[in-house]
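For reference, the structure discussed in these notes is given below.
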Amino acid sequence: MLDPSPEDDGTSPAVSTPRFVGRDREMAALRGALARPPAIVLVEGEAGIGKSRLLREWLAAPDERTALVSVCPPLRESLTLGPIVDAFLGIERPLPRLRLTELAGALRPLFPEWSSNLPPALPPLDDAKAARHRLFRALDELLRALRVDVLVLEDAHWADEVTCEFLLFLISRQQSDGPSLAISYRPEEVDDGSLLLRLTSRLPAGVTQLRIALAPMRPGDTAALVSSMLDGNPISQEFTTFMHDRTGGVPLAVEESVHLMCDRADLVFRDGQWVRLELRELQVPPTVRDSTRERVSRLSPTAQQALRAAATLAERSSVATIAMTADLSPAECRGAIAEAAGAGVLDGDDHGRWQFRHVLAATAVYEAIPLTDRRHFHLLAGRALEHLRPPPVARLAHHFREAREMRSWARYAEQGAELAIASGDHTKAVDLLVDLLSRAVLPPADRARVARITGVAALGRREPVDEVYHRVIRTLRSVLESPGLSARQQAEIRNPLGRLLITGGEAQAALSELEQAVENLDHDPVEAARAMTYLGWAYAGPWPASTHRRWLDRAAELTAQIDSPAQRLNLAGNRAAALLMLGEEEAWDVVAGLPIDGTSAAERIDVARIHVNVGTGALIWGRYADAEEHLAVAMRLAEAEQASRLQHNVRLEQANLAWNTGRWDGLAQTSTALAEADPDRPAHYLGSVRLAARLAAAAGRRRAAEEQFRLVLEESARLGAADDTMEAAAALARLWLTDGNSRRALRITNEPMDTVRRKGIWVWATDLVPARIEALLAAGDLTAATRLVGQFARGLRGRTAPAPRAALTLCRALLLAAAGDHSRAATAYDRAARAWSALPRPYDAMRARERQAEALVAQGRIEQGRELLAAQYEQLFRLGARGDADRVAQRLREHGAEVPRLWRGGRRGYGDQLSPRELDVVQLVVAGKTNREISRILAKSPATVDQQLRAAMRKLKVSSRTALAVKAVEAGVFIDVSAG
């Protein structure tokens, strides 16, 4: 470093705009990619690294192209699609009306200034997703009509979710000659859940792709940048090293530091180069914040006031808007802006709008404003922006919130939420309204209205149970504790709250809220009927089935008075699914008339939701062919509408169907994938855990199965989901009965059994009652077991529910075996096995055959029993129930029989033995299924089924389906349902 000397000429350096240096390679790549449209160029890097400068330099080149430039502002609540709208509003040429179709009428809400040039407004759509898709198509049409070659979006890390969705939409259509995209963003500021990650990680094939990751400049480039600001004269090596070390080679930090040093006369020109003076009290600040604040402090008070206003506004603004925010006259403001622009702090555009040249500089100035002054600046900013047409409601809500101007904040927050909902961005609407309810003091009527809108908006979200969901629940509950709410206002909040709690798995709490709401919803028949239908679902609560049925009957009476066919369909379908849960036979008459498609996206999602609920009910009844049919309809519609959460529901029920029907291949991986797909939704997560527990128990992984079933039981009980406790309790009881612990087995089934008796819904008891009977018999209480079987039989009277009825047949066989009547018990177990096979439910059929074999041995028919037991060993082993197979193997040894040696791993041929897949086909043939039905049940093509059937016939040396069935039954492997 040098001290001042007489040789210094004392001349202060004239600071120029820095030259574009150090990015030649990146610029060549950018130009090359955008010259091969359609293209996607991603420019990423930290703040101040030069992303915007790179894009501006490319835009300044005299190429023959049309570019639309959009910048995402750093607002906490950015306006939905705001950056895209602002970009279009910067267009000076008139709209090409002749090239716009009627679809462009969807743009009227976004561009009211263009109303004279746009087609008539389109009718509103009930479904937010469909409305958003239509809006995206209209924006795409506008881009093409304006012949936009490149859409540039800067600072995409601040983009609202709908803007990101629009970019994804554009990318999906690029191969049809859509515009190229150039997008800049900061990777470190992209949230884990941001759609921008999808944009940057799943680039489509068939388009030119380029990712430019801007790194800090090297020392030589740093020196060139500084030199370009100082008359092009070189800088000393010592100065170069100092600048690079202190700024890290970040161009913005370099530029701001040079400005500060020049302002302080810290630089002198000596010996043909610029050098830094050694002034011990001065150091180049390590951050842009410090350098910016010091530079601003050297400006006049009026210029500083204008800069504080510009920093508060945080977006490019006119002189008039900055003047009102700064509380300056237009003339004073123009002079202040000219001073700030001359100092290189502000930057203007061709429309006379100004903003900080760098966001970091704006942030530094804003954070230096005292908190009390900030509120005043935000108040003035809000009042200034109210003069704009159309008013920027999201920005207005932001400024009035920061100003603590409650009434204005509430008004614009609600308007912003309405716009977000209209664009399909329900999460943005929820964020705006929850923030308002949490921080603003509103009159009771306003608070109730905003809470109701918040609940309805939350119901429209397609995201899983996340932190936004939990914030909504907490907020609505808090509002309900507010004094001064009328019964009607409370009901309008409790209604969506109850439905949200169902989504979150809090069944008991949901019914409580809905029951309190329903009596005060008489002004809204649709919502009243919907609430009554939810109350008719029997998954929770202490009510008997008759109470749930009364709610459903009341809902049916209201539904008949509703004019809307779509609403009637929704309510009737949900009522049918609720009746299935109650075990009501008449539900199937309603189900038979359900549509399998809809006329709109909302209607299709409704139809899909109804069919998945019907599929769940069919699984409970044991009507597996019906379940498969309804789940297939639900999946087709859910996939068509990209309803991911609904698809998760369908996949879980399809996995449950696969478990029941013996299609276990890949189920372990499926259960893991399901658990990971939607872990924050309790009902879905616990369903996937239950599936994993079943597989673990069958495979003999006792400890894992017990832990998982305990989790399902405890969480289901905590959430009040009574129906979900049945299977877990039964499974745990069976595990403990193998240990000879009947007392523990009885204790675990006490509460679920009481629930079945209290509610009177015996179709739920397919797994529970047999396990309870076994526990009672093991404890020596034949009387209680006999009484329970009688109750089960009466509860199923008049219901064609194959699975519970098969369980009832098994229970009767258990009683006969306990009474020592082994001959009749063997016959009864045979009857139970046939009933299970007819569903088909092969795992339970095999276990019934195992019991039949034991009864035959006890009867003295030892050889026949051994053969049947050996057959079950092979089938259980091949199914994947290795734990059960090991138990049967032990029983074979105890009976003096040799255990067949089976292949336990690796690829193998099956010789003249049936393969597992051939066994599946033969089993269904024995159950009386046609090839077409087998194809649907096993999810195989008819050709594959035919091939496997012919292979089975060849191996068993038969030439017809009938002979195949007879041969299988004679071998004691399958059940001939036609014989019984």
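No hydrogens, no waters, no symmetry mates; every other heavy atom, side chains included, goes into these values.
- Between H378 and Y366, the distance from one ring center to the other falls under 6.0 angstrom.
- When all heavy atoms of A413 and L433 are compared, the closest pair comes out as O-CD2, 4.1 Å.
- You'll find the side chain of D435 reaches within 4.5 Å of the side chain of W409, heavy atoms only.
- Every residue two or more places apart in sequence or in another chain was checked for a ring-ring contact (aromatic ring centres under 6.0 Å, His included) with F709, and none qualifies.
- Ionic pairing of R554 and E519 is present here: one or more N-O contacts between side-chain nitrogen and carboxylate oxygen are shorter than 4.0 angstrom.
- Few gaps surround CZ on R404; more than 12 heavy atoms of other groups in view lie less than 6.0 Å from it.
- Partners of S478 according to the side chain to side chain donor-acceptor pair (under 3.5 Å) rule, which considers only residues two or more places apart in sequence or in another chain, do not exist here.
- With a 4.5 Å cut-off on side-chain heavy atoms, L582 and L552 count as touching.
- Screening residues 499-508 for salt bridge (Lys or Arg N to Asp or Glu O under 4.0 Å) gives R477-E506, R499-E527 as the qualifying pairs, with residues at least two apart or on separate chains.
- Looking at H426 and I421, their side chains come closer than 4.5 Å, going by heavy atoms from C-beta outward.
- By the side chain to side chain contact (heavy atoms under 4.5 Å, CB included) test, N649 pairs with V612, L646, R681, H684, sequence neighbours left out.
- There is no side-chain donor-acceptor pair under 3.5 Å between N570 and Q567.
- Atom CD1 of I605 is separated from atom CD of Q642 by 10.0 Å, given to the nearest 0.5 angstrom.
- With sequence neighbours excluded, the residues that form a ring-ring contact (aromatic ring centres under 6.0 Å, His included) with F166 are F136.
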| said: Working note: L480 + R494, criterion side chain to side chain contact (heavy atoms under 4.5 Å, CB included); need CA distance, chi angles, decisive distance, verdict. | reply: CA-CA 8 Å; L480 285 170; R494 292 188 190 279; 3.7 Å; yes
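- By the side chain to side chain donor-acceptor pair (under 3.5 Å) test, S600 is found to be paired with no residue, residues two or more places apart in sequence or in another chain being considered.
- Annotation for V434 and S438: closest pair O-OG, 2.7 Å, computed over non-hydrogen atoms.
- In the displayed structure, E639 atom CD is contacted under 6.0 Å by more than 12 heavy atoms of other residues, nucleotides or ligands.
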| task | Determine, step by step, whether R411 and E405 satisfy the salt bridge (Lys or Arg N to Asp or Glu O under 4.0 Å) criterion, reporting the C-alpha distance in whole Å, the side-chain angles of both residues, the deciding distance to 0.1 Å, and the verdict. | result | CA-CA 10 Å; R411 181 170 72 255; E405 182 67 31; over 6 Å; no
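- Remark: the backbone N or O of E751 is paired with a side-chain donor or acceptor of T755 at under 3.5 angstrom.
- Heavy-atom minimum distance, V712 versus V689: CG2-CG1, 3.8 Å.
- Taken to the nearest 0.5 Å, the OG1 atom of T427 stands 11.0 Å off from the CG atom of L432.
- Taking 4.5 Å as the limit, every side-chain heavy atom of V518 sits out of range of all side-chain heavy atoms of Y534.
- Within the 4.5 Å cutoff, no side-chain heavy atoms of L713 are placed close to those of R710.
- Across all their heavy atoms, C164 and A159 have their closest contact at SG-CB, 4.0 Å.
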| request: Walk me through it: do D160 and K428 pass the test salt bridge (Lys or Arg N to Asp or Glu O under 4.0 Å)? | output: CA-CA 8 Å; D160 62 279; K428 172 61 68 178; over 6 Å; no
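- When all heavy atoms are compared, the tightest approach of I84 to S70 is N-OG, 3.7 Å.
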| Does the side chain to side chain contact (heavy atoms under 4.5 Å, CB included) test come out yes or no for D524 and N495, once each step is laid out? | CA-CA 11 Å; D524 191 338; N495 181 32; over 6 Å; no
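- Looking at residues two or more places apart in sequence or on another chain, you find a ring-ring contact (aromatic ring centres under 6.0 Å, His included) between F111 and F88, W114.
- With contacts defined as side-chain heavy-atom distances shorter than 4.5 Å, the pair D606/L569 does not qualify.
- Residues meeting the side chain to side chain donor-acceptor pair (under 3.5 Å) test with T725, sequence neighbours left out: none.
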| message | Checking R471 against E467 for the salt bridge (Lys or Arg N to Asp or Glu O under 4.0 Å) test, could you report, in this order, the C-alpha distance in whole Å, the side-chain angles of both residues, the deciding distance, and whether it holds? | response | CA-CA 6 Å; R471 284 186 66 206; E467 180 53 34; 5.4 Å; no
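- With contacts defined as side-chain heavy-atom distances shorter than 4.5 Å, the pair R374/E367 qualifies.
- For L388, the side chain to side chain contact (heavy atoms under 4.5 Å, CB included) partners two or more places apart in sequence, or in a different chain, are T321, L385, P392.
- Contact record, V607 with P595: CG1-O, 3.4 Å, taken as the closest heavy-atom pair.
- Under the 4.5 Å side-chain criterion, counting only non-hydrogen atoms from C-beta, R407 is not in contact with F400.
- Separating the CG atom in D431 from the OG1 atom in T454 is a distance of 10.5 Å, to the nearest 0.5 Å.
- A donor atom on one side chain and an acceptor atom on the other are not found under 3.5 Å apart for Q489 and R452.
- Under 3.5 Å, the side chains of E386 and Y412 contain a donor-acceptor pair of N or O atoms.
- Scanning for side chain to side chain donor-acceptor pair (under 3.5 Å) contacts around E414 gives R449, with sequence neighbours left out.
- When the side chain to side chain contact (heavy atoms under 4.5 Å, CB included) test is applied to N613, the partners found at least two apart in sequence or on another chain are W537, N574, A577, R609.
- Residues forming a side chain to side chain contact (heavy atoms under 4.5 Å, CB included) with T559 (at least two apart in sequence, or on another chain): A529, R568, L571.
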| request: Under the side chain to side chain contact (heavy atoms under 4.5 Å, CB included) rule, what do L686 and S716 come out as? Steps first, then yes or no, please. | output: CA-CA 8 Å; L686 293 177; S716 297; 4.0 Å; yes
| message | Please evaluate residues V614 and V633 with respect to the criterion side chain to side chain contact (heavy atoms under 4.5 Å, CB included), reporting the C-alpha separation (whole Å), side-chain torsions for both, the decisive distance (0.1 Å), and the verdict. | response | CA-CA 11 Å; V614 171; V633 171; over 6 Å; no
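- Distance check: T599 OG1 to R604 CZ gives 7.5 Å after rounding to the nearest 0.5 Å.
- Taking CG of L500 as the reference point, atom CD1 of I473 lies at 4.5 Å (rounded to 0.5 Å).
- Note that CD of E315 and CG of D86 are 6.0 Å apart. Values are rounded to the nearest 0.5 Å.
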| request: Report the C-alpha separation of R530 and T533 in whole Å, then their side-chain angles, then the decisive distance to 0.1 Å, and conclude whether the side-chain hydrogen bond (donor to acceptor under 3.5 Å, both in side chains) test is met. | output: CA-CA 5 Å; R530 185 170 286 122; T533 302; over 6 Å; no
